[in-house]
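All chains are named by letter (A, B, ...) in the order of the sequence lines, taking the proteins before the strands, and each is independently numbered beginning at 1.
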There are 2 protein chains.
Amino acid sequence: MITSHNGPQPADFTDVRATNLAVVLRFVRENAPCSRADIAASTGLNKATVSSLVADLIDRRLLRETGLTEHRVGRPATMLVLDGSPYAAIGIEVNVDYITAVAVDLKGEELLNWRRSFPGGTSSAGQAVVAMAALARRVVSRMTKEARQVLGLTVAVPGLVDVNGIVRVAPNLGWRDADLAGDLTKALRDPGFPVLVDNDANLAALAEHRFGPHRNAANLVYVTGEVGVGAGIVMDGRLRRGGQGYSGEIGHIELDPAGPTCRCGRRGCLEAVAGIGAILAHTAPDASPSELELEIDEVVRRARNGEQDILALLEDVGRHLGRGMAAVANMLNPEVVILGGYYVPLAPWLVACAEEELYGRVLAPGGGGCRLEVSTLGYGAAALGAAARVLDSVDSGRLPAQR
Amino acid sequence: MITSHNGPQPADFTDVRATNLAVVLRFVRENAPCSRADIAASTGLNKATVSSLVADLIDRRLLRETGLTEHRVGRPATMLVLDGSPYAAIGIEVNVDYITAVAVDLKGEELLNWRRSFPGGTSSAGQAVVAMAALARRVVSRMTKEARQVLGLTVAVPGLVDVNGIVRVAPNLGWRDADLAGDLTKALRDPGFPVLVDNDANLAALAEHRFGPHRNAANLVYVTGEVGVGAGIVMDGRLRRGGQGYSGEIGHIELDPAGPTCRCGRRGCLEAVAGIGAILAHTAPDASPSELELEIDEVVRRARNGEQDILALLEDVGRHLGRGMAAVANMLNPEVVILGGYYVPLAPWLVACAEEELYGRVLAPGGGGCRLEVSTLGYGAAALGAAARVLDSVDSGRLPAQR
DNA sequence: GACATTTGTTTGGCTACAGAACTAACTAAA
DNA sequence: TTTAGTTAGTTCTGTAGCCAAACAAATGTC
């Protein structure tokens, strides 16, 4: 697809073709099943051009004709759908105590979702590469067995990942300057598909942008609710990673110089007053990373029971969260801010207070049209987004070669 | 130019041509004088194609051949430059006590710069339209006298401007929901060029992005230092305005819940602790908007004199500013944050403390490569950016018609 | 069964790119 | 002065891929 940003790049016919192939592919994905005539009418492309593009996409096994339908006057249309069967995109998420791998087809249908426990908190990046490679090989072999071609693999890492895919710092994993993409490619020995690495919040934002209920929003922010608080930023329809890839580090926005000490050493950071740690510091100060989920379940149980101290705690966290989101909304004016991670189970007690603070602080009329929503994609959002990252590159014109 | 965002749009040959014309135009702007051969070598376009594109651009009087130069072996090259003479882009800035109009040619050379006093603080949007139309007509007639075609006019407004160019709120001007673009177009009676309206910080960011010393940065943030503090955000080479156009409202990021009351009613907003008002509250609490410049001069004089209370005040403001910029840098990871407006004369006493806070708080290694710089474009940055907005649309392929 | 309607293909024309051959204009060396 | 070498820019030819219009195919309606 021809892009205008990052410097002027000349265009030629292959760019036109790639752009239009991607246009048709995206249209079918969003409007399947549909006919060639539908595509031509909606996109403005000529019928003949659409036929040629569709033939090309069928050749590449990205589209498939279904049986005719639509009993109206005139010749019945041959309906087209995405061909789910011949391809797969793989997403892997590394975390403190597990590695998740998902594979999806072109439609985004989940083909498999494997979780494997892994002592991320005490393993080196090298050990992680070995574990990921082993898992990836199993996924690839399963996909091959299903006669699927793997289009790519993306790894989601909770940490600072630069634009080249180098993991600069992953505090919870204890990694520094790890070339995960390079090492994993090497470990997979010429895998025949691209291997990418990105930040987990960025990829979760991508998952929301492609699969979430707000997929129409060209401007959205996804906020992770883990021990760390990070954000993935989609503006004007694309992930915006900043100059070096470190955008979205909202966890250490200082909300209160008199607030509690944060693990970064400063006081009153968003993470310290509204992160999951701020809740568990009161309920389970010595919880290990692997116990987080259980502890949060316990908090939910106590909130359901109406325990006053827990409700007050959650209200406080919600207010601070709202203040942080107000900063985000004022700066970026997204259509929607999506709360993910452990914020999801806690949402019933957080969102109302957060919204109140948010709308009270956003300067733009009507809150700038910004809504605060809760992720519906669950804990696997980052892994799903990693797979979505692969599909995105298909959408932007990097189609698999013709048969 | 073919863009991939906001929905898939099909491409055809005219898009290829427009893209390549824009590529050549941009190349010549950035590398003038240069030959056709240079263009071909650097852009990757074929020599023949470049010749055809250049001929087209010369026809449209966007480029011009100069006398030959370059005494090297081989046939001497005919050097090309932007043709400054036949076009003009107009930028207008409305402010509390004046209206500024600038006109620039294609190269960005300033053709005129008129300032006209205007009681913006006490005038309605309607009265402003009348005044702007009168000024614009004079500028247009001057340009016509110079045989220049006006390519467009953009108005910079200090306030919230939505994506359609409606001024939603301009607190210092007292305006609400004013369709400035529509009314000005009407007042100019079929001007034959597009009239746009945007936020002043956005346009100043555009000016920095096109003309400033950091014009190579694809990710930059411009911060206005006026009574209000606002930001213009350029990411991945383009202005990012958010869902409704209200991005960059950083003035009311709450830095300290125990801080001084802000005019928005909350406490400790960036604007309240690091805005120009925070300085003048101590030195000239009753200054009217038109006296701001004088009062700031007075502050500069006293700082130069080494008056301790002023130095301490400025250091305090610098620290708060740095904290605010840390939030910006953490969220957006720009290559550079540029301080504008009244921060410019005060920079010698602000920047060091601000940088210290900034680098101490940015999570990314090496501060994410983010530098804090001072604008060199002066108070006219917004008006210049308004003109740049017009040139931008030429660059993106909307070329004036052939002769 | 003729006709209307809609779908999708075929044909022809056009635009604008790339590559190669060519012409032009100069320097440098014989 | 001639000749070779070098670089600039144009012309010619081929091709990709778009659009428009005509056409073929498949169905419903009268």
(Q) I need the full list of salt bridge (Lys or Arg N to Asp or Glu O under 4.0 Å) pairs touching residues 143-154 of chain A, with sequence neighbours left out, sorted by first then second residue. (A) A/E146-A/R148

Q. Whole Å only: how far is the CZ atom of A/F13 from the C1' atom of C/dT15?
A. 7 Å

**Q.** A/V16, nearest nucleotide to its side chain (from D/dG17, C/dC17, D/dG5)
**A.** D/dG17

(Q) Going by the rule salt bridge (charged side-chain N to carboxylate O under 4.0 Å, His left out), which residues pair with B/R389 if we only count those two or more places apart in sequence or in a different chain? (A) none

Q. Whole-Å distance between D/dA16 C1' and B/D12 CG?
A. 14 Å

Q. C/dA16 phosphate, OP1 or OP2: any side-chain N/O from B/N20 under 4.0 angstrom?
A. no

Q: Round to a whole Å and report the spacing from CG of A/D15 to P of D/dT15.
A: 20 Å

Q. Within the modelled atom types, does a donor on one side and an acceptor on the other bring the side chain of B/R75 and the base of D/dT7 under 3.5 Å apart?
A. no

Q. Using a heavy-atom distance cut-off of less than 4.0 Å, which residues of residues 35-54 of chain A contact DNA chain D?
A. A/N46, A/A48, A/T49

**Q.** ring-ring contact (aromatic ring centres under 6.0 Å, His included) against A/F211, all qualifying residues, sequence neighbours excluded
**A.** none

(Q) Please enumerate all residues that pass salt bridge (charged side-chain N to carboxylate O under 4.0 Å, His left out) together with B/D38, with sequence neighbours excluded. (A) none

Q: For A/F193, check ring-ring contact (aromatic ring centres under 6.0 Å, His included) against everything at least two apart and list the hits.
A: none

Q | Check against salt bridge (charged side-chain N to carboxylate O under 4.0 Å, His left out), B/R210 and B/E30 | A | CA-CA 10 Å; B/R210 179 177 270 258; B/E30 282 159 26; over 6 Å; no

(Q) If the cut-off is 4.0 Å, is A/T78 near the phosphate of C/dG8, judged by side-chain N/O to OP1 or OP2? (A) yes

Q.
Can you tell me if A/R17 touches the phosphate of D/dC18, counting only side-chain N or O atoms and a distance under 4.0 Å to OP1 or OP2?
A. yes

Q. Within this structure, what is the CG-to-C1' distance between A/D56 and C/dG8, rounded to whole angstrom?
A. 17 Å

